[in-house]
Novice: 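Handing you this structure, nothing more for now.
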4 protein chains.
Amino acid sequence: MIVYYRTMRVKDEIKERAIIEATVALVNEIGFVSSSVSKIAKRANVSPATIYIYFQNKEDLLVSTYVQIKTCIASALMEGFDPNLPVRDALLHAGENLFRYISNHTELFYFTEQFANSPYTDLVDKARLEGPFSPLFNLLQHGINQKIIKDVPFELLLAHLYQPIFSLVNPRINPDFKASPENIKLSMTMAWDAIKL
Amino acid sequence: MIVYYRTMRVKDEIKERAIIEATVALVNEIGFVSSSVSKIAKRANVSPATIYIYFQNKEDLLVSTYVQIKTCIASALMEGFDPNLPVRDALLHAGENLFRYISNHTELFYFTEQFANSPYTDLVDKARLEGPFSPLFNLLQHGINQKIIKDVPFELLLAHLYQPIFSLVNPRINPDFKASPENIKLSMTMAWDAIKL
Amino acid sequence: MIVYYRTMRVKDEIKERAIIEATVALVNEIGFVSSSVSKIAKRANVSPATIYIYFQNKEDLLVSTYVQIKTCIASALMEGFDPNLPVRDALLHAGENLFRYISNHTELFYFTEQFANSPYTDLVDKARLEGPFSPLFNLLQHGINQKIIKDVPFELLLAHLYQPIFSLVNPRINPDFKASPENIKLSMTMAWDAIKL
Amino acid sequence: MIVYYRTMRVKDEIKERAIIEATVALVNEIGFVSSSVSKIAKRANVSPATIYIYFQNKEDLLVSTYVQIKTCIASALMEGFDPNLPVRDALLHAGENLFRYISNHTELFYFTEQFANSPYTDLVDKARLEGPFSPLFNLLQHGINQKIIKDVPFELLLAHLYQPIFSLVNPRINPDFKASPENIKLSMTMAWDAIKL
DNA sequence: GATGAATGAGCCTTCATTCAT
DNA sequence: GATGAATGAAGGCTCATTCAT
C-alpha cells in the first residue's frame, strides 16, 4: 500500500522535473522566443496536455521554472556562508560560489537571463526570492556600520559586487572569457575594491 | 526646400525609421516574445508587407534595430571623450554619459537587453559594434601601462566599469533606484575603485 | 457493434478520408493552383490545424491523395484481369475498365492530371505505383514473345494502348466526346491495331 | 526620326518577349503553382508593374503565353504539310514534325501541359487554336472518304494519332524514353496502324 | 512607357489550450 | 493522472495588383 502510494508521488515529481528540465534545455537550444509548449512536451516525452496538469498554463510553467532556478542559485551563493568570517572573506566566498555555480550550469543561466528580460519577470514575487539572502544583507549592513563598506544604497553594493560576474560568465557577451580560478579571484578582488571603504 | 528635392528617398527613410521606432516601442510594451511582425506593422501604420520592403525578414528587422541602437549608445558613451584628460576623469565622464543616456532612453535599453539575451544576438557582428570604442580601449591600455589601472584582462575591466550601470538603470531589476546625479557619481566612483590599481 | 469497438481509430479514418475527399473536390472546382490548405479544411469541415495531424504538410497531403487515387485507378484497370484469355481480349478488357472507371470518376481524374503536371510528381515513388500492373506487363511480354504484339519498347506499347483514353475522357480537351460503349470499343480496337503485329 | 520610331516598337516587343520567355522558364523551373508575377518580373528583369503594361493581369499573361506556344507548335506540326502526298506520308510527316519540335522545346511543352490541366484552359478560345490544322482535318476527312482511314469521330483519330507522342516525350512520365529517329518512326507507324482502315 | 514602393488579402504552418477517452 | 486529437487564432511571409513619380 504505502509503497504504491509513494511510487505515485515519486512518479509525479519525476514527470514535473522532466518538464522543467525540458523547458530549460529547450530554451537553451532554440531560445525563449521559439520554445513552445508542444515542443517542450515533446522534449519531455509527455503529451502537451500533461503539462497542463502540472502547470496552469505556459506562463505558470515559465515562472515556476524561473523561481526554481533562482532558488537554486541563491542556495548555491549562500552555501557555507559564515557571517562570523571577516566581511571581505564572507562576501568573496559567496562570489566565488556564484561564479562556480553559474559556470557549471550555463543552461540555467541562459534561461534566467532570457526570462528576466521578458515581461514574464513582472509576474514574479521578487521579495520571496530575496529571502535566502537576508544573512548576506545583514552582513553588508554590518560592514557599513563597521565603516568597512561604503555607506551607499544596497542596490549599488549588490550591483558592483555580483553584476560583473553575470556578464563575464555569459558566453554570449564574453565568448572568450575563462572562469578560471585566477580570473574569479581577480574579479572578486575588484568587486571588493568597489564596495570597500 | 532643397532638403526635399529627392522626395522618394526622404519618404523611405521616414518609413524605415517609423518601423524601427514601432519595433522598439512594441518590445517595450509587450515584450520581445509577443512582438509579431503584423503588430509592429500596425504600430507603424504600415502594411505587414511594407516591412519586407525595408527588411529582409523579421530577423533582419530585429538585428538592424539592435545595431542601430547599439551605435547610438556607443556614440552617446563616447561623446566628448577626451583621451588627454586624466584616465579617471575620462572614464568617469564616459560612464556618466552612459548613465544619462540609458536613463533617458529606457525604451532603447529594454530592447537591447531582450535582444542580447535571445538567440538573435548570435547573428550580430560584434566586432563591428566595438569600433567606436577603440579610443576607450586605448585609454584603458594606457592606464595599464602607466600602472594606474589593474593589469587584468580587458573583459574584467569593462565588466566592472559599466556592467553595474546596466543593472542599476534597469527598472525591472532595480525598480526603486533613482539615477540621480549623486547615485551616478557614487556608482562611477565605485567602478573606478574596482579597476584602479 | 464489433466494428466500432475501437472508436478512435474509426474516427481517424473517417476524418482522413474527409480531408482527402475535400482535396479532390476542391481541386476539381477551383483547380490545383487555387486550392489552399485552409480552403480544403473548410471544405472538409475541419480546422486547418487538423490537417496537419493527418499529414505532414500540404505536399504530403497532395502526394498522399495522388497515390491513393492512382492505386484505385490501378485496381480498377486490373479488375478481372485474366492472363489466360487471348492477349487481345485481356488488354481490351483492361482498357474498357479504365475507360469506365475514369468516366465515372472525373473528379479523381482531374486531380491526377493536375498533379502529374506539377513539380509535386517528382516526389512520388513511381516504381511503387507500377506494382499492380506487373500481370499486365507480363502479358505484354508474353504477346511479344508469341509474335502477337510488336516488339518495341514497353513505353511505346503503353502510350498507344492507354494514352488516347486519357485525352478522350478529359472534358477539358474533348468536351464533346461521349464515352459510349461504341466509342470505347472503337478506341480500344484502334489501340489494339496500334500495338498488334 | 523613323529610326527612333522603329527602335521604340522593337524595344516593346523585346520586352514583351522577355516577359513571356521568363514565364515559360520559371514555370519550367519551379512549376505553375509557384510562379508568381513578381518572380516572373524579376526573371525578366523588369518591374512587376511593367508586366501590367503588356498584359491585363496574370491570367492574361498566362493565357497569352499559352496561345503563343500553341501557335508555334501548330506551325511546327504543319510545316511542309503536303496534302498531295499519300495520306499516310502526310500524317507521319506531321507527326515527326511534332515529335521533333517538342523534343527540342521541352520548356514550352512543360508550360502547356501545366496550363492545359489548370482552370485557365477554360479561358482559351479553342476554336481559334484549331485554325492552322484545317488542312490536316481536311486530309483526314479525305482519307475517310477514300476508305483509307477508319470512319470514326475525329476526336478518336486525333487522340490515337498524336496523343501518345505527348506522353512519350514528357520526361515526367517517361523519364527514360529517347526520342530517337527510330523510336519516332516506330511510334508513328503504330499511330498509323491505329487509324488506318 | 516604366518603375519601385505600397498594400490588404491570403498563403502555409504552428501556437496555447481544451476535449473526449 | 495521462493522453492524442482537435481547434481558432495567430505566426511570418508572399501574393496580385495599383499608385505616385
Side-chain angles (χ1 to χ4, degrees), chain A residues 8-9 11-12 15-16 33-42 45-62, chain B residues 6-9 11-12 15-16 33-42 45-62, chain C residues 6-9 11-12 15-16 33-42 45-62, chain D residues 8-9 11-12 15-16 33-42 45-62:
Chain A
M8 285 187 61
R9 286 209 36 171
K11 245 192 191 170
D12 292 354
K15 204 158 265 182
E16 182 171 341
V33 179
S34 315
S35 294
S36 71
V37 172
S38 41
K39 283 179 191 162
I40 291 172
K42 202 163 286 171
N45 273 322
V46 294
S47 161
T50 306
I51 290 184
Y52 288 84
I53 293 169
Y54 292 93
F55 305 93
Q56 280 194 302
N57 48 32
K58 190 185 183 182
E59 176 186 305
D60 183 27
L61 165 60
L62 261 21
Chain B
R6 290 178 69 186
T7 318
M8 286 186 58
R9 290 259 337 190
K11 244 195 191 171
D12 290 356
K15 204 157 268 182
E16 182 171 341
V33 179
S34 315
S35 293
S36 70
V37 172
S38 49
K39 284 181 192 160
I40 292 172
K42 205 161 285 172
N45 272 321
V46 293
S47 162
T50 305
I51 290 185
Y52 290 84
I53 294 170
Y54 293 92
F55 304 94
Q56 280 195 299
N57 47 35
K58 190 187 181 183
E59 174 185 308
D60 183 29
L61 165 60
L62 261 21
Chain C
R6 289 180 69 188
T7 318
M8 287 187 57
R9 291 260 335 191
K11 245 193 190 172
D12 290 356
K15 204 157 266 181
E16 183 171 340
V33 179
S34 315
S35 292
S36 70
V37 172
S38 48
K39 284 180 194 161
I40 292 172
K42 204 161 285 171
N45 272 320
V46 293
S47 161
T50 305
I51 289 185
Y52 289 84
I53 294 171
Y54 293 92
F55 304 93
Q56 280 194 301
N57 47 34
K58 190 187 182 182
E59 174 186 307
D60 183 29
L61 165 60
L62 260 23
Chain D
M8 284 187 60
R9 285 212 36 173
K11 244 193 192 170
D12 292 356
K15 206 158 263 182
E16 183 172 339
V33 179
S34 315
S35 293
S36 70
V37 172
S38 42
K39 283 179 190 163
I40 291 171
K42 202 163 286 169
N45 274 321
V46 295
S47 162
T50 306
I51 290 184
Y52 287 83
I53 293 170
Y54 292 92
F55 304 93
Q56 279 194 300
N57 48 33
K58 190 186 182 184
E59 176 185 305
D60 184 27
L61 165 60
L62 260 23

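To find a chain, count down the sequence lines: A is the first, B the second, and so on, and within it residues start at 1. Atom set for the values below is all heavy atoms of this structure, side chains included, hydrogens, waters and symmetry mates excluded. This structure is a prediction, so every number in the text was calculated from the model and none was measured.
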Novice: State whether the side chain of B:Lys39 and the backbone N or O of B:Ser34 hold a donor-acceptor pair below 3.5 Å, judged by distance alone.
Specialist: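 Checked: pair present.
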
Novice: For the pair made of CD1 in B:Ile53 and C1' in E:dG8, what is the distance, rounded to whole Å?
Specialist: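 Nearest whole value for this atom pair: 13 Å.
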
Novice: From A:Ser35 OG over to A:Lys58 NZ, what is the distance, rounded to the nearest 0.5 angstrom?
Specialist: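 The distance works out to 7.0 Å.
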
Novice: Return the 5'-most residue of the pair B:Glu59, C:Thr50 with respect to DNA chain F, ranking by each residue's nearest nucleotide.
Specialist: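 Looking at the nearest nucleotide for each, C:Thr50 comes out on the 5' side.
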
Novice: Calculate the interatomic distance between B:Asp60 atom CG and F:dC13 atom P; express it in whole Å.
Specialist: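 Those two atoms, CG and P, are 10 Å apart.
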
Novice: Kindly point out which of F:dT3, F:dG11, E:dA5 is positioned nearest to the side chain of A:Ala49?
Specialist: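 Looking only at heavy atoms from C-beta outward on A:Ala49, the closest nucleotide is F:dT3.
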
Novice: If you check every side-chain atom of B:Ser38, which of E:dT17, E:dT13, F:dG11 has the closest atom?
Specialist: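 When the side chain of B:Ser38 is considered, F:dG11 is the closest of E:dT17, E:dT13, F:dG11.
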
Novice: If I take atom CD1 in residue A:Ile51 and atom P in nucleotide F:dT3, what distance separates them, rounded to the nearest angstrom?
Specialist: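 Result: 10 Å.
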
Novice: Establish, with yes or no, whether the OP1 or OP2 oxygen of E:dA2 is under 4.0 angstrom from a side-chain nitrogen or oxygen of D:Ser47.
Specialist: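 For E:dA2, OP1/OP2 do not have a side-chain N/O of D:Ser47 under 4.0 Å.
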
Novice: Strictly below 4.0 Å: does B:Lys58 bring a side-chain N or O up to OP1 or OP2 of F:dC13?
Specialist: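 The answer is no; no side-chain N or O of B:Lys58 sits under 4.0 Å from OP1 or OP2.
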
Novice: Identify whether any heavy atom of D:Ser36 sits under 4.0 Å from a base atom; if not, whether one sits that close to sugar-phosphate; answer base, sugar-phosphate or nothing.
Specialist: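 The residue D:Ser36 makes sugar-phosphate contact but no base contact.
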
Novice: Between C:Gln56 and D:Pro48, which is nearer to the 5' end of DNA chain E once each is assigned its nearest nucleotide?
Specialist: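 Its nearest nucleotide being more 5', the pick is D:Pro48.
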
Novice: Rounded to whole angstrom units, what separation is found between the CD atom of A:Glu16 and the P atom of F:dG1?
Specialist: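 Spelled out: CD on A:Glu16 to P on F:dG1 is 12 Å.
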
Novice: Given F:dT3, E:dT17, E:dA2, identify the nucleotide with an atom nearest to the side chain of A:Val46.
Specialist: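 Output: F:dT3.
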
Novice: So D:Ile40 and D:Leu61, do their side chains get closer than 4.5 Å, heavy atoms only?
Specialist: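 They are in side-chain contact.
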
Novice: Measuring from atom CG of C:Asn45 to atom NZ of C:Lys15, what distance do you get when rounded to the nearest 0.5 angstrom?
Specialist: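 Nearest 0.5 Å value for the CG-NZ distance: 9.5 Å.
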
Novice: If we call it a pair only when both distances are under 3.5 Å in a Watson-Crick or G-U wobble match, what pairs with F:dA10?
Specialist: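 Pairing partner, where one exists within any strand: E:dT13.
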
Novice: B:Val37 or D:Tyr52: which one's nearest nucleotide on DNA chain F is closer to the 5' end?
Specialist: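 The answer here is B:Val37.
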
Novice: In Å and rounded to the nearest 0.5 Å, what is the CD1 to OG distance from B:Ile53 to B:Ser47?
Specialist: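 B:Ile53 CD1 to B:Ser47 OG: 8.0 Å, rounded to 0.5 Å.
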
Novice: F:dA10 phosphate, OP1 or OP2: any side-chain N/O from B:Lys39 under 4.0 angstrom?
Specialist: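 So the side-chain polar atoms of B:Lys39 never come under 4.0 Å of the phosphate oxygens OP1 or OP2 of F:dA10.
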
Novice: To the nearest Å, give me how far apart CG (A:Asn45) and C1' (F:dA2) are.
Specialist: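 Going from CG in A:Asn45 over to C1' in F:dA2 covers 14 Å.
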
Novice: Given E:dA2, is OP1 or OP2 found less than 4.0 Å from the side-chain N or O atoms of D:Lys15?
Specialist: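 Yes.
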
Novice: Just the rounded figure in Å: distance from C1' of E:dC11 to CD1 of C:Ile40.
Specialist: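 That distance rounds to 12 Å.
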
Novice: In whole angstrom, what separates C:Leu61's CG from E:dC12's P?
Specialist: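 About 10 Å, once rounded to whole Å.
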
Novice: From A:Asp60 CG over to A:Ile51 CD1, what is the distance, rounded to the nearest 0.5 angstrom?
Specialist: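 Answer for the CG-CD1 pair, A:Asp60 versus A:Ile51, is 11.5 Å.
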
Novice: What is the distance, rounded to the nearest whole Å, between atom NZ of D:Lys42 and atom P of F:dA16?
Specialist: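 Those two atoms, NZ and P, are 12 Å apart.
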
Novice: Searching all strands shown, indicate the nucleotide that pairs with F:dA20 (Watson-Crick or G-U wobble; both distances under 3.5 Å).
Specialist: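 E:dT3 is the nucleotide pairing with F:dA20.
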
